[in-house]
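A, B, ... follow the sequence lines: proteins, then strands. Residue 1 opens every chain. Excluded from the calculations below are hydrogen atoms, water molecules and symmetry mates; all remaining heavy atoms, backbone and side chain alike, are included.
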2 protein chains.
Amino acid sequence: MNTLEKIQKNLANFSKSERKVAEVILANPQTAIQSSIATLAKMADVSEPTVNRFCRRLDTKGFPDFKLHLAQSLANGTPYVSRHVEVNDSADAYSNKIFESSMAALDSARQSIDPQQINRAVDMLTQADQISFFGLGASAAVAHDALNKFFRFNVPVVCFDDVLMMRMSCINAREGAVVVLFSHTGRTKTLVDIARLAKENHAQVIAVTSKDSPLSKEATLAVTMDVPEDTDLYMPMASRLAQMVAVDVLATGFTLRRGPRFRENLKRVKEALKESRFEKPQPL
Amino acid sequence: MNTLEKIQKNLANFSKSERKVAEVILANPQTAIQSSIATLAKMADVSEPTVNRFCRRLDTKGFPDFKLHLAQSLANGTPYVSRHVEVNDSADAYSNKIFESSMAALDSARQSIDPQQINRAVDMLTQADQISFFGLGASAAVAHDALNKFFRFNVPVVCFDDVLMMRMSCINAREGAVVVLFSHTGRTKTLVDIARLAKENHAQVIAVTSKDSPLSKEATLAVTMDVPEDTDLYMPMASRLAQMVAVDVLATGFTLRRGPRFRENLKRVKEALKESRFEKPQPL
DNA sequence: AGAATGATGTAATTTAACTACATTAGAATG
DNA sequence: CATTCTAATGTAGTTAAATTACATCATTCT
């Protein structure tokens, strides 16, 4: 756990003098990590060993080690002890919290993603004659985004956020088709049906979803990630961000697999956009 | 800049012995921050003052200060020195790099966003009779996502990723309409035209884009963010992620502004989804 | 080849952190 | 209310770590 949060949480368990230390640190953590034990002791109006004991109580080896831990918890730019939005938060406060919790969610996704799954998914995608991206609700935006990315690769791609269209598209599927389904929970009944339908029509199914979900079991290959659930009502879903980054990862794997000539192609697509833009003023 | 990157970047500028130190640190940064200057010197097979000089060269006050900086750069879970994808990267490598650069981009956006702009945008949105979200290319997905979010608020919302539809919609605009435009560069000519058209028809225009761009100047209100540009071919646009989080921030501001009764409403919308899902197995 | 500059190491010094012990404050018991 | 015990805090001494000053070595340029 974040050291700063830990201090905040244990405030009640500290002794009188230790609490003084805690308060000085919470009030100005950035100063704390730059101070010596003597300075900090003076600021909190306690003795040096008290500061040292305080550090040990937080499961660190001593003062320098404590500073290291504190520095790490500050590094994430987390001046806010809690990442949960409160009713009376200022714009600055909730903006920071939302960005931070989004970043934390991405980190969690990063740690839980399995490179082998990525590799296999890239295999399937590079060999596909046709790729379809399906998503409902919030994941519809992800499917659109995937379309926008893979479209540049000059592969036949489609994208649907409508169940009927998905169904029809699956019925027409043939061998060589790959269907990519996005769903955070992996529990949406219609999507699981679609996965089954696609398989029945000889398409391969990649599910970008959460581990052990019905959808992940139905799919030919599941690319799974752990993303903290949005239990908090005010907290928007970080899952679609993680899914988008997963799309980026797959697209990157795709371009790497396709080799240098293919990448030349991409550059041209990018440059084709230039004409539709106002020129950027060149820095002097 | 991230200390670890800095070391990597300056490798050529270091002297022979300093490079030894750099390599030992790069090889195992986690060990480095837990070592004393003596241990590290021994590991790099150099003298202690050399390590000290190395630290100073990186603009730190000395060894302990250097460790602090290094700890901070490790905190973001950055085991990869470079965030740029290389041709021969493994799936694990490029996956991590992409997640990390996405997180870095969000952090940069977080730091550059202006809470006052957020506040004013929330003002405008809460008072709107009708909200339109427009985006082209990669930002189309963001517009869709915004629709999905604001749709729950029981406000008339539309979303277009087609220029003609945008135009028609603007022509029918009246006072009380708010148009939200998403564009990373803010230089897409057609979008700037749309902004002008919307204003001519008495709609208010919010642009989620980059600072000082043509679009930001044309808009009634610009919500601007600095997101590192995707100079690298393999590096996908992180801008759309930042835009999505910005949408989350605006949506959160919206719900907070609307008060508790409104939030009850949201809960009901969320619960309405339950029936379409497979039940989650309850943990024992 | 020799001087001069920059890099590196050695040893001494300073500073910071930690330990052991003494003192004090506060709680519990008669 | 006094007394004793325990926990908390501080003092002083010790150890370890980091830094400085200086000496030596390598390298480059004339």
Kindly give the atom pairs (protein nitrogen or oxygen, nucleotide nitrogen or oxygen) under 3.5 Å for nucleotides 6-8 of chain C.
{"unit_1": "dT8(C)", "atom_1": "OP1", "unit_2": "K16(B)", "atom_2": "N", "d": "3.4"}
{"unit_1": "dT8(C)", "atom_1": "OP1", "unit_2": "S17(B)", "atom_2": "N", "d": "2.8"}
{"unit_1": "dT8(C)", "atom_1": "OP1", "unit_2": "S17(B)", "atom_2": "OG", "d": "2.8"}
{"unit_1": "dT8(C)", "atom_1": "OP2", "unit_2": "S15(B)", "atom_2": "OG", "d": "2.2"}
{"unit_1": "dT8(C)", "atom_1": "O5'", "unit_2": "S17(B)", "atom_2": "OG", "d": "3.1"}

Between the protein and nucleotides 13-18 of chain D, list the N/O to N/O atom pairs that are separated by less than 3.5 angstrom.
{"unit_1": "dA18(D)", "atom_1": "OP2", "unit_2": "I37(B)", "atom_2": "N", "d": "2.5"}

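The interatomic distance linking K42(A) (NZ) with dG10(D) (P) rounds to 14 Å, in whole Å. Per the geometry, CG belonging to L40(A) stands 13 Å off P belonging to dA16(C), to the nearest Å. The distance from atom CG of D45(B) to atom C1' of dG9(C) is 12 Å, rounded to the nearest whole Å. Nucleotide dG10(D) holds its C1' atom 12 Å from the NZ atom of K20(A), rounded to whole Å.
Applying the side chain to side chain contact (heavy atoms under 4.5 Å, CB included) criterion to L221(B), with sequence neighbours excluded, gives R120(B), A121(B), M124(B). With sequence neighbours excluded, the residues that form a side-chain hydrogen bond (donor to acceptor under 3.5 Å, both in side chains) with S36(B) are T39(B). With sequence neighbours excluded, the residues forming a salt bridge (Lys or Arg N to Asp or Glu O under 4.0 Å) with D59(A) are K6(A), listed by chain and number. Residues passing the salt bridge (Lys or Arg N to Asp or Glu O under 4.0 Å) test with R56(A): none are found, sequence neighbours excluded. Residues forming a salt bridge (Lys or Arg N to Asp or Glu O under 4.0 Å) with R53(B) (at least two apart in sequence, or on another chain): none. By the side-chain hydrogen bond (donor to acceptor under 3.5 Å, both in side chains) test, S112(B) is found to be paired with no residue, residues two or more places apart in sequence or in another chain being considered. Take F63(B) and apply the ring pair (Phe, Tyr, Trp, His ring centres under 6.0 Å) test, not counting sequence neighbours, and it matches no residue.
The closest side-chain heavy-atom distance from D248(B) to F99(A) is not below 4.5 Å.
Using a 4.0 Å heavy-atom distance criterion, R19(B) is classed as making no nucleic acid contact.
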